[in-house]
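One-based numbering, in listed order, for ligands and for the atoms of each. Values reported hereafter were calculated over all heavy atoms of this structure, with side chains retained and with hydrogens, waters and symmetry mates removed.
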Amino acid sequence: MGVGIDALHFYTPRYMLDLRLLARERAVDPQKYLTGLGQEWMSIAPPDEDIVTMAATAATDAIRGVDPHSIAMVLFATESAVDHSKAAGVWVHHLLELPRTCRVVEVKQACYSGVCALQLALPYIRQHPDKKVLLLTSDIARYGLNTPGEPTQGAAACAALLSASPRLVAIEPEAGYYTDHVMDFWRPTYLQEAIVDGKYSTRIYLTALGEAWAHYQMESKRALSDHARFCYHTPFARMAQKAHERLVSINDSAPIAPETLARHINASLVYGKKLGNSYTASLFISLASLLEQTEEDLSSCRIGLFSYGSGCVAEYFSALVQPGYRRHLATDAHALLLSSRRPLSIGDYEQFYQYALPQDEGRHATPRHRTGAFRFQGVEAHERLYERCPLSPAHA
Ligand code: COA
């Protein structure tokens with residue numbers, strides 16, 4: 001019996017920043033962002049969106065038509081936690097009115113934790129094939145203004161409904177892991193932005209890829225040619241291209257031809273180029289992009305997937321595309337979501353970036369902006385308050 005992803009929906013905030021505009025403002029050649037990083041736009045969350053509202057909106061679409069009593073678990077992966085103790089998924093569970101007979105927990109290990117949660121959920125589904133797990137990955141990628149990381153920000157949440165006999169992809173049991181204590185990117189609990197040595201992190205990413213692949217190969221006995229397409233954790237598109245070039249060079253001494261590179265990964269990069277980095281959600285959005293933006297039918301193809309979380313933990317694994325998967329994709333909704341975002345001026349972007357609620361016991365309301373199906377209203381006595389919005393993101 002196959003287990004894997006039955007539905008895959010993402011949500012990204014309704015505002016975006018054109019990297020050409022950012023380049024002009026920061027006196028950088030725009031080609032550095034467009035070609036050097038491979039990015040065009042990044043989604044920017046307004047003050048009344050956070051990881052909870054983004055995940056709840058994505059989840060609303062992922063569980064539409066599903067019996068809520070079949071959802072036995074909500075796993076919430078993030079590195080943008082809104083509370084040290086309470087799992088963000090408990091708010092989502094409340095907003096979606098899921099049954100009380102459901103377990104909810106938050107998991108963390110930088111951008112990797114979503115894949116770890118996926119792998120930990122699958123044996124449960126094998127044992128309980130009538131049950132489903134709602135896997136949420138949600139993050140706001142934030143670097144300092146005027147730093148090299150600034151053009152690699154972004155925001156999004158992805159909701160993957162995991163089940164037995166999945167309609168989209170079945171996850172294969174073999175996987176390769178790599179863990180090493182490195183300080184390439186981290187965010188102490190008292191800081192709003194990550195501390196990052198970007199160039200070091202790109203080097204570690206490639207090292208981790210080689211090591212996780214070697215372990216995966218040992219476990220699976222598969223060759224690179226057994227995989228038809230590839231998805232990578234994508235902090236920026238050029239990183240995924242470099243990663244794939246590295247993977248090919250490890251397996252084949254000849255450099256990869258540009259058309260082969262394009263066929264292997266380009267479809268997986270379409271969405272990320274438009275919404276930027278989304279940390280834990282990034283690999284799942286790459287997968288959605290691959291499935292939705294590949295013209296040819298990928299039924300029964302094997303996809304190689306690489307997840308990397310700074311600090312660092314990495315995993316290489318694979319998925320088999322299920323026949324008939326195209327009928328269950330959210331291509332039109334995702335296209336509408338991306339095309340209906342509003343561009344921000346630099347001034348508005350910096351205002352969103354700098355917005356912070358007071359940290360006292362008072363009642364503080366956030367200003368109202370365009371959001372998804374839910375919005376973060378503000379805080380009262382240190383409690384976060386959320387509300388449902390009348391219009392779905394596609395129609396607002
Ligand atoms: N036209 C075209 N390309 C240009 C260019 C121009 N005018 N100017 C620079 N570039 C290219 C560089 O050659 C480089 O490409 P290469 O790596 O293929 O050589 C790329 O743009 C980036 O420029 P570079 O100066 O090397 O790096 P940077 O100081 O801008 O930092 C990151 C880039 C990714 C390190 C930075 O954005 C960062 O810290 N990001 C956050 C951390 C992250 O994403 N880590 C990834 C692993 S998770």
Side-chain angles (χ1 to χ4, degrees), residues 17 19-20 22-43 77-80 108-116 137 139-156 178-180 182-187 191-212 231-247 249 255-256 258 261 265 268-269 272-273 275-286 305-316 353:
L17 185 66
L19 291 187
R20 286 157 274 240
L22 182 67
R24 250 201 318 276
E25 182 68 19
R26 303 291 183 240
V28 169
D29 177 355
Q31 284 314 313
K32 175 171 179 182
Y33 297 166
L34 301 175
T35 316
L37 298 176
Q39 293 297 118
E40 291 173 37
W41 298 85
M42 54 192 192
S43 289
T78 188
E79 52 182 306
S80 319
K108 176 175 71 183
Q109 176 23 59
C111 304
Y112 166 66
S113 58
V115 165
C116 190
T137 47
D139 269 305
I140 296 175
R142 205 178 140 90
Y143 297 99
L145 296 180
N146 235 323
T147 63
E150 186 182 25
T152 67
Q153 297 177 103
Y178 178 74
T179 296
D180 191 15
V182 288
M183 298 303 276
D184 59 330
F185 170 113
W186 70 104
R187 180 159 73 87
L191 289 186
Q192 291 305 311
E193 290 91 34
I195 299 170
V196 58
D197 182 340
K199 287 186 179 157
Y200 179 51
S201 80
T202 59
R203 284 202 304 278
I204 301 283
Y205 177 119
L206 295 175
T207 303
L209 169 64
E211 299 290 335
C231 289
Y232 290 88
H233 164 57
T234 308
F236 50 94
R238 188 75 189 104
M239 183 76 242
Q241 288 168 346
K242 281 186 184 184
H244 197 57
E245 285 162 358
R246 171 67 64 93
L247 191 66
S249 76
I256 185 168
L261 179 71
I265 65 166
S268 75
L269 303 178
K273 279 172 180 274
L275 59 84
N277 194 356
S278 54
Y279 291 165
T280 52
S282 143
L283 181 65
F284 294 92
I285 290 175
S286 298
L305 296 113
F306 176 64
S307 174
Y308 173 78
S310 289
C312 74
V313 184
E315 177 161 339
Y316 206 97
Y353 181 94

### From CA spacing to verdict: ring-ring contact (aromatic ring centres under 6.0 Å, His included), Tyr205, Phe306
CA-CA 10 Å; Tyr205 177 119; Phe306 176 64; 5.3 Å; yes

Hey, could you give me the [atom1]/[atom2] distance between [X] and [Y], rounded to the nearest 0.5 Å?
| X | Y | atom1 | atom2 | answer |
| --- | --- | --- | --- | --- |
| Leu269 | Phe236 | CG | CZ | 11.5 Å |
| Trp41 | Leu275 | CH2 | CG | 12.5 Å |
| Leu247 | Ile256 | CG | CD1 | 9.0 Å |

Please list the nearest protein heavy atom to [atom] with its residue and the distance rounded to 0.1 Å.
| atom | result |
| --- | --- |
| atom 36 (C) of ligand 1 | Pro148 O, 3.5 Å |
| atom 27 (O) of ligand 1 | Lys199 CE, 3.3 Å |
| atom 47 (C) of ligand 1 | Ser201 OG, 3.4 Å |
| atom 38 (C) of ligand 1 | Gly149 CA, 3.8 Å |

### Task
Compare Gly198, Pro235, Gly38, Ser310 and give the one whose heavy atom is closest to atom 35 (C) of ligand 1.
Gly198

### Heavy-atom proximity to atom 30 (O) of ligand 1, best of Lys32, His233, Gln153
Lys32

### Task
For Ser201 and Asp184, work out which heavy atoms get closest and say how close.
CB-OD2, 3.4 Å

Any sub-3.5 Å donor-acceptor pair from [X]'s side-chain atoms to [Y]'s backbone N or O?
| X | Y | answer |
| --- | --- | --- |
| Arg26 | Pro148 | no |
| Ser286 | Ser282 | yes |
| Glu79 | Cys111 | yes |

Within the 4.0 Å heavy-atom shell around [X], which atoms of ligand 1 are there?
| X | answer |
| --- | --- |
| Gln31 | 1 (N), 2 (C), 3 (N) |
| Gly36 | 3 (N), 11 (C), 20 (C), 21 (O) |
| Thr152 | 37 (O), 40 (N), 41 (C) |
| Lys242 | 16 (P), 17 (O), 18 (O) |
| Thr202 | 46 (C) |
| Tyr143 | 41 (C), 42 (C) |
| Val196 | 42 (C) |
| Asp29 | 6 (C), 7 (N) |

### ligand 1 versus Phe185: contacting region, heavy-atom distance under 4.0 Å
neither

Can a protein heavy atom be found under 4.0 Å away from [atom]?
| atom | value |
| --- | --- |
| atom 14 (C) of ligand 1 | no |
| atom 32 (C) of ligand 1 | no |
| atom 41 (C) of ligand 1 | yes |

### Task
Anything under 30° is parallel, anything over 60° is perpendicular, the rest tilted; go ahead and classify His244 against Tyr232.
perpendicular

### Task
Would you kindly say whether Asn277 and Thr152 are connected by a side-chain donor-acceptor distance under 3.5 Å?
no

#### Entry: Residue pair Thr78 / Asp139, side-chain donor-acceptor N/O under 3.5 Å
yes

